[in-house]
Amino acid sequence: MAPVVYIDVLFLINFSVNYFLLYITEKVLFLNTKRIRKIIGASIGGIYSCLIFFPELSGMYTFYSKVIFSLIITGQTFGIKKIKLFMKTVAVFYISSFILCGVTFALLFVTEGFEGMEIRTNNGVFYFDLPWKVLFFGGSVCFAVMKVIKKMISSQKGTIYKEVKINLKEKTVILPGLVDTGNRLADHMGNNVIVCEYQAIRTLIGSDMKVFFEKDTYEIEENDLKDLTNIRLIPFTSIGKSSGIMKGFICDSIEVDNKEYKKITVAVHPGTLSSDCDYKVLLGAGFLS
C-alpha cells in the first residue's frame, strides 16, 4: 500500500522549515524584518512544496525553478534593494538549508530513524514523515553552527560585530553594529555617542523628528519638534574631513551583549556606514565586554 501524503501536513512542515531558515538568516545578518513578511515568505515555500500533487507542474521542480523560488522567498521576506546584500542573504539562506538537511539526515541515520519509514516520490521530489523532534534538534544545531561561522568570519577580518538593540518610546530596532575603537564621540552633556544610519532607525522616531533629520539645515523652526530636549548636535572630526556636525537624539536605552546602557546619544548618519552592508551602527570601544 502506497504511503498517504496529507497536503496540510506537507504544507505545515515546509512552512515551519522555511520560517525557521528565514529566521536564522535574519539573525545571522542582523536584518530587521517584520514577522508578517517572514510568514508570507514561509507560506510561499509551503505552497511550492504542495505542487508535487500536480504532475502537470513537474517543470516547477527543475534546478532553475528551485533557484527562482528561493530568490522570490528571500526577496519578498527581506525586501533588499542592494544586490550585494541580497546575494549574501541568499547565500546564508542556502547554507542554512544545507546544514539543516545534513544534520537531520545524519540524525536519522544514527538513530536508525529511516527503518520502517515510508518514502514516496512524486515530480522528482521524495516525501517522508519527518519527526518533529528530529526537525527541532536539527534546527537548533543549524542555528548554533551559523552563529559560529559568523563569529569566525568576523574574527578573521579583525572586526568585532555586536547586535545592537535601540529602544525609544516603546519602539525597538535591532541592528548589526561594528565596534570602532577610534570612536570617542560624546555630546555636550558628556553622554556616549553611537553612530547609526538614518534609514535603519527611521521607524523608531516620530514624524516631527523625521522632518528635522531629513532637512539639510540645522535650524529648528517653531513647532518643528514637540520635544527639543532629546535633540543633540554633535561636533566631530574625522580623517578626510576636518570637522562637521551630526544631528542626533537621546534614546531611552540600548542593549549590547545583554547589557543595558542608558543616556546614549544616537548620532544620525544620512548615508550608509558600510559599503558591504555588514553593519549599520558604529559603537565605541566602551561597548566591548
Side-chain angles (χ1 to χ4, degrees), residues 11-49 60 63-101 135 138-140 142-154 157 159 161-167 171-178 196-205 210 255 268-282:
F11 173 83
L12 181 60
I13 291 176
N14 281 274
F15 171 86
S16 301
V17 170
N18 278 283
Y19 188 92
F20 187 74
L21 292 173
L22 292 170
Y23 176 81
I24 291 177
T25 303
E26 177 188 30
K27 292 301 178 184
V28 169
L29 296 178
F30 302 108
L31 299 172
N32 259 333
T33 308
K34 292 183 178 179
R35 184 178 300 173
I36 186 63
R37 294 186 70 101
K38 293 195 288 289
I39 290 175
I40 294 173
S43 297
I44 294 173
I47 293 171
Y48 176 68
S49 68
M60 299 294 287
F63 171 78
Y64 295 107
S65 296
K66 292 177 181 178
V67 171
I68 290 173
F69 263 89
S70 65
L71 296 177
I72 292 173
I73 290 172
T74 51
Q76 187 284 325
T77 302
F78 301 109
I80 299 171
K81 298 179 181 179
K82 295 185 177 180
I83 185 65
K84 195 169 185 177
L85 179 58
F86 178 67
M87 296 310 296
K88 187 185 295 186
T89 303
V90 173
V92 172
F93 181 77
Y94 267 110
I95 294 171
S96 301
S97 303
F98 296 150
I99 294 175
L100 177 60
C101 182
L135 184 61
S140 301
C142 176
F143 183 76
V145 170
M146 291 303 296
K147 294 293 283 187
V148 170
I149 291 174
K150 177 71 174 180
K151 287 184 178 180
M152 289 175 62
I153 294 174
S154 298
K157 289 182 177 180
T159 54
Y161 294 104
K162 301 282 186 180
E163 183 178 271
V164 184
K165 184 183 292 186
I166 306 175
N167 305 304
K171 291 184 179 180
T172 299
V173 292
I174 301 174
L175 304 170
L178 173 70
C196 184
E197 295 178 5
Y198 172 66
Q199 290 299 328
I201 51 88
R202 195 172 185 275
T203 58
L204 196 65
I205 59 179
K210 288 176 185 176
E255 296 175 40
V268 179
H269 181 67
T272 56
L273 295 171
S274 168
S275 58
D276 295 331
C277 301
D278 288 333
Y279 56 90
K280 297 182 181 296
V281 181
L282 283 177

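- Atom CG of L273 sits about 9.0 Å away from atom CG of L178, to the nearest 0.5 Å.
- Residues F86 and T74 share a closest heavy-atom pair of CE1-OG1, 3.7 Å.
- The nearest pair of heavy atoms linking V28 to M146 is CG2-CB, 3.7 Å.
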What donor-acceptor contacts under 3.5 angstrom involve side-chain atoms of residues 91-99, with partners at least two apart or in another chain?
unit_1: Y94; atom_1: OH; unit_2: S70; atom_2: OG; d: 2.6
unit_1: S96; atom_1: OG; unit_2: V92; atom_2: O; d: 2.8
unit_1: S97; atom_1: OG; unit_2: F93; atom_2: O; d: 2.8

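- Heavy-atom contacts from other residues, nucleotides or ligands closer than 6.0 Å to NZ of K27 number more than 12.
- Looking only at side-chain heavy atoms (C-beta outward), Y23 and F143 come within less than 4.5 Å of each other.
- To the nearest 0.5 Å, atoms CD1 (I174) and CG (N167) are separated by 9.0 Å.
- The minimum heavy-atom distance between V90 and L71, with the atom names listed, is CG2-CD2, 3.7 Å.
- Distance CG/N14 to OG/S49: 3.5 Å, rounded to 0.5 Å.
- Taking every heavy atom of both residues into account, Y19 and A42 meet most closely at N-CB, 3.6 Å.
- The two atoms that bring C196 and I201 nearest to each other are SG-CG2, 3.2 Å, heavy atoms only.
- E26 places a side-chain N or O within 3.5 Å of a backbone atom of T33 that can act as its donor or acceptor partner.
- Within the 4.5 Å cutoff, side-chain heavy atoms of I73 are placed close to those of L22.
- Looking only at side-chain heavy atoms (C-beta outward), K210 and Y198 come within less than 4.5 Å of each other.
- Between V173 and K165, the closest side-chain pair of non-hydrogen atoms is not below 4.5 Å.
- Side-chain contact between V164 and I166 is present, with heavy atoms from C-beta onward closer than 4.5 Å.
- Contact between R37 and G75 at its shortest, heavy atoms only, is NH2-O, 4.1 Å.
- Proximity of L85 to F78: side-chain heavy atoms (C-beta onward) are nowhere separated by under 4.5 Å.
- Without hydrogens or angle criteria, E197 side chain to K280 main chain gives no donor-acceptor distance under 3.5 Å.
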